[in-house]
Amino acid sequence: MRIPTTLWNWLTSIRLAVILLIAFGLALFLGLLFPSMAPEVAANAVERGHWLATARARYGPLTNALFTLGLFDVYHSAWFRVPLVLLILSTAAAAFNRVRPTWRAINLTQVWMPDSFFDRAPDRELIRGGSRAQALNVLRASLVRRRYRVVVEEEPEIIHLYADRYRFARLGSLATHAGIVLLLVAVLIGGTISWREQHLVLVPGQARAVGHGVSFQVRAEGFEMDRYPNGSPRDYRSDVTVLDGGQPVLRRTVRPNEPLQYGGVNLYLLHAEPGPRGGYQVIFSAAHDPSFGPAVAAAVLVLLGLVLSFYFPHQRVWARIEPDGTIRLAGKSNRNRIDLGEELKNLWPSPNPIL
């Protein structure tokens, strides 16, 4: 049991998170600093040689070393993925560690508090109310009107009251952590299994495989262009047929901003150009990016978490009503203490006889 505990403590440590963030940031910087070799170029020995020859004009004798280190393909390199995976695990473990204390804080209903708490609380008020029953009714109505959940425990002489609001807003921190984890997963997916074919040439009437392990083929049935009176292009389109297992399964009209979607692949129309043997050929690009969905979900979670955390702070109020109707108030807020202090002053209707 000691080794797993040690490993878990290491994985959830702030020091490791800082180191991984620095490593990840450095990898992102290097990815922007050096040009990126497309996967289809890296897979073709001839095209790879031409690409490296071009790079050698800029980097000279360092070109081969940079290529060996993976600096021309940073986002697919092991030294980029390893810290990214560790950062995902570290962030997920830290979020998991916060689940139990967060849930405990949400469900904590400690009505009775000692005198020392009311004497030392950062936000506190002392109010001279009327009778005990009147003080309780007015105070409870004021808290309910402000959307507080109220719990009361009555003793023969003392009445204890606890109220809170926005308690589930504490889940905002977990939502933010989950969003960050999902965003990092999207980055990992995007650098691992996403791909883009920039120049997919289709000769009308001839089917062609998309590549990248995709089983289906696509066939352009033609190309049409509408022009303005001055001759400039107004709209152009191409009818495309998808063949799966050799059989046509889908036919769509593809425009520049209206891609064809099939099997997780988006096919975008770029333009048409003269063919090498006369006629013309239609140029498309194809992309497979399963990271888009997780990235959008991550953005929603992070935004939700930030809104809950900053705009709906968990606020708690304790009250002790003495036999003579004196009300001792104390409060805690995980954010916006100033707002809570003002609210305590306004819980009792004016004029407010504060002792």
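Atom CD of E157 sits in a sparse spot, with 12 or fewer heavy atoms from other residues, nucleotides or ligands closer than 6.0 Å. Atom CZ of R167 has more than 12 heavy atoms from other residues, nucleotides or ligands within 6.0 Å. Environment of NE2 in H50: sparse, with no more than 12 heavy atoms of neighbouring residues, nucleotides or ligands closer than 6.0 Å. Heavy-atom contacts from other residues, nucleotides or ligands closer than 6.0 Å to CG of L33 number more than 12. Surrounding CZ of F29 are at most 12 heavy atoms belonging to other residues, nucleotides or ligands under 6.0 Å away. By the 6.0 Å contact criterion, CG on N257 is open, its count of non-hydrogen atoms from other residues, nucleotides or ligands being 12 or less.
Counting heavy atoms from C-beta on, the side chains of V74 and F34 never come closer than 4.5 Å. With a 4.5 Å cut-off on side-chain heavy atoms, S90 and W10 do not count as touching. Counting only heavy atoms from C-beta outward, the side chains of T68 and L66 never approach each other to under 4.5 Å. Contact check for L269 versus F223: side-chain heavy atoms found under the 4.5 Å cut-off. Taking 4.5 Å as the limit, every side-chain heavy atom of T192 sits out of range of all side-chain heavy atoms of Y75. Using a 4.5 Å heavy-atom cutoff, the side chains of P290 and I193 are in contact. Looking at heavy atoms from C-beta onward, L30 lies in side-chain contact with W79 at the 4.5 angstrom threshold. Within the 4.5 Å cutoff, the side chain of R208 has no heavy atoms near those of the R219 side chain.
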For R98 and F96: C-alpha separation, side-chain torsions, deciding distance, then whether side chain to side chain contact (heavy atoms under 4.5 Å, CB included) applies. CA-CA 5 Å; R98 295 178 63 89; F96 184 80; over 6 Å; no
Can you list the steps and then say if S77 with R81 is a side-chain hydrogen bond (donor to acceptor under 3.5 Å, both in side chains)? CA-CA 6 Å; S77 63; R81 292 176 181 174; over 6 Å; no
Steps toward side chain to side chain contact (heavy atoms under 4.5 Å, CB included) verdict (L161, I321): CA-CA 8 Å; L161 180 147; I321 304 176; 5.6 Å; no
Determine whether S285 and E197 satisfy the following criterion, side-chain hydrogen bond (donor to acceptor under 3.5 Å, both in side chains), listing intermediate values before the conclusion. CA-CA 5 Å; S285 70; E197 184 71 35; over 6 Å; no
Please step through side-chain hydrogen bond (donor to acceptor under 3.5 Å, both in side chains) for the pair N346 and R146, ending with a clear verdict. CA-CA 11 Å; N346 297 324; R146 289 170 169 80; 5.9 Å; no
Apply ring pair (Phe, Tyr, Trp, His ring centres under 6.0 Å) to residues W51 and F72 and explain how you reach the verdict. CA-CA 10 Å; W51 195 97; F72 294 142; 5.1 Å; yes
One pair to check against side-chain hydrogen bond (donor to acceptor under 3.5 Å, both in side chains): W8 and N97. What are the steps and the verdict? CA-CA 10 Å; W8 183 262; N97 262 1; 3.1 Å; yes
Show, in sequence, the C-alpha distance, side-chain angles and deciding distance for F118 and L126, and conclude whether the side chain to side chain contact (heavy atoms under 4.5 Å, CB included) test is met. CA-CA 9 Å; F118 290 96; L126 188 61; over 6 Å; no
Does the side chain to side chain contact (heavy atoms under 4.5 Å, CB included) test come out yes or no for V214 and V265, once each step is laid out? CA-CA 9 Å; V214 176; V265 176; 4.1 Å; yes
Test log, rule ring pair (Phe, Tyr, Trp, His ring centres under 6.0 Å), inputs Y268 and F284: CA-CA 5 Å; Y268 300 89; F284 293 84; 9.8 Å; no
Worked check of salt bridge (charged side-chain N to carboxylate O under 4.0 Å, His left out) between D115 and R328: CA-CA 9 Å; D115 289 343; R328 304 183 70 184; 3.8 Å; yes
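Salt bridge D235/R255: present, at least one basic N to carboxylate O contact under 4.0 Å. A salt bridge does not link R132 with D324: every distance from a Lys NZ or Arg NE/NH1/NH2 to an Asp or Glu carboxylate oxygen is 4.0 Å or more. Using a cut-off of 4.0 Å between Lys/Arg side-chain N and Asp/Glu carboxylate O, D239 and R251 are scored as salt-bridged. At a threshold of 4.0 Å, the pair D119-R124 does not count as salt-bridged, since none of the basic side-chain nitrogens sits closer than that to a carboxylate oxygen. Between K345 and E343, none of the side-chain N atoms (NZ, or NE/NH1/NH2) sits under 4.0 Å from a carboxylate O, so this pair counts as no salt bridge. For the pair R237 and D226, the salt-bridge criterion is met [side-chain N within less than 4.0 Å of a carboxylate O].
Between atom CD of residue Q110 and atom CG of residue D164 there is a gap of 12.5 Å, rounded to the nearest 0.5 Å. Separating the CG atom in L71 from the OG1 atom in T63 is a distance of 11.5 Å, to the nearest 0.5 Å. Here E258 contributes atom CD and L267 contributes atom CG; the two are 13.5 Å apart, rounded to the nearest 0.5 Å. Atom OG1 in T102 sits 11.0 Å away from atom CG in N107 (nearest 0.5 Å). Between I159 atom CD1 and E322 atom CD the span is 10.5 Å, to the nearest 0.5 Å.
Each of L20, V187, L184 was compared with I88 under the side-chain contact (heavy atoms from CB on, under 4.5 Å) criterion, and only L184 meets it.
Cluster membership for L171 and V99, using ILVMFWY side-chain heavy atoms within less than 4.5 angstrom, is shared. Under the 4.5 Å side-chain heavy-atom criterion for Ile, Leu, Val, Met, Phe, Trp and Tyr, M225 and V240 are members of the same hydrophobic cluster. Side-chain heavy atoms closer than 4.5 Å link hydrophobic residues (I, L, V, M, F, W, Y) into clusters, and following such links, even through other members, never connects L243 to V249.
Taking every heavy atom of both residues into account, A186 and S291 meet most closely at O-CB, 3.2 Å. Nearest heavy atoms, D244 versus S215: OD1-OG, 4.0 Å. The shortest heavy-atom contact between T12 and A93 is CG2-CB, 3.5 Å. Across all non-hydrogen atoms, the minimal contact from P323 to I158 is CD-CD1, 3.7 Å. Residues L139 and I327 approach most closely at CD2-CG2, 4.0 Å, considering heavy atoms.
Ring pair W103/F168 is tilted by interplanar angle, where 30° to 60° counts as tilted. Using bins of under 30°, 30° to 60° and over 60° for the plane-to-plane angle, the ring pair F216/Y262 lands in the perpendicular bin.
Of the N and O atoms on the side chains of T241 and E221, at least one donor lies less than 3.5 Å from an acceptor on the other residue.
In this structure, T91 contributes its side chain and L87 its backbone to a donor-acceptor pair below 3.5 Å.
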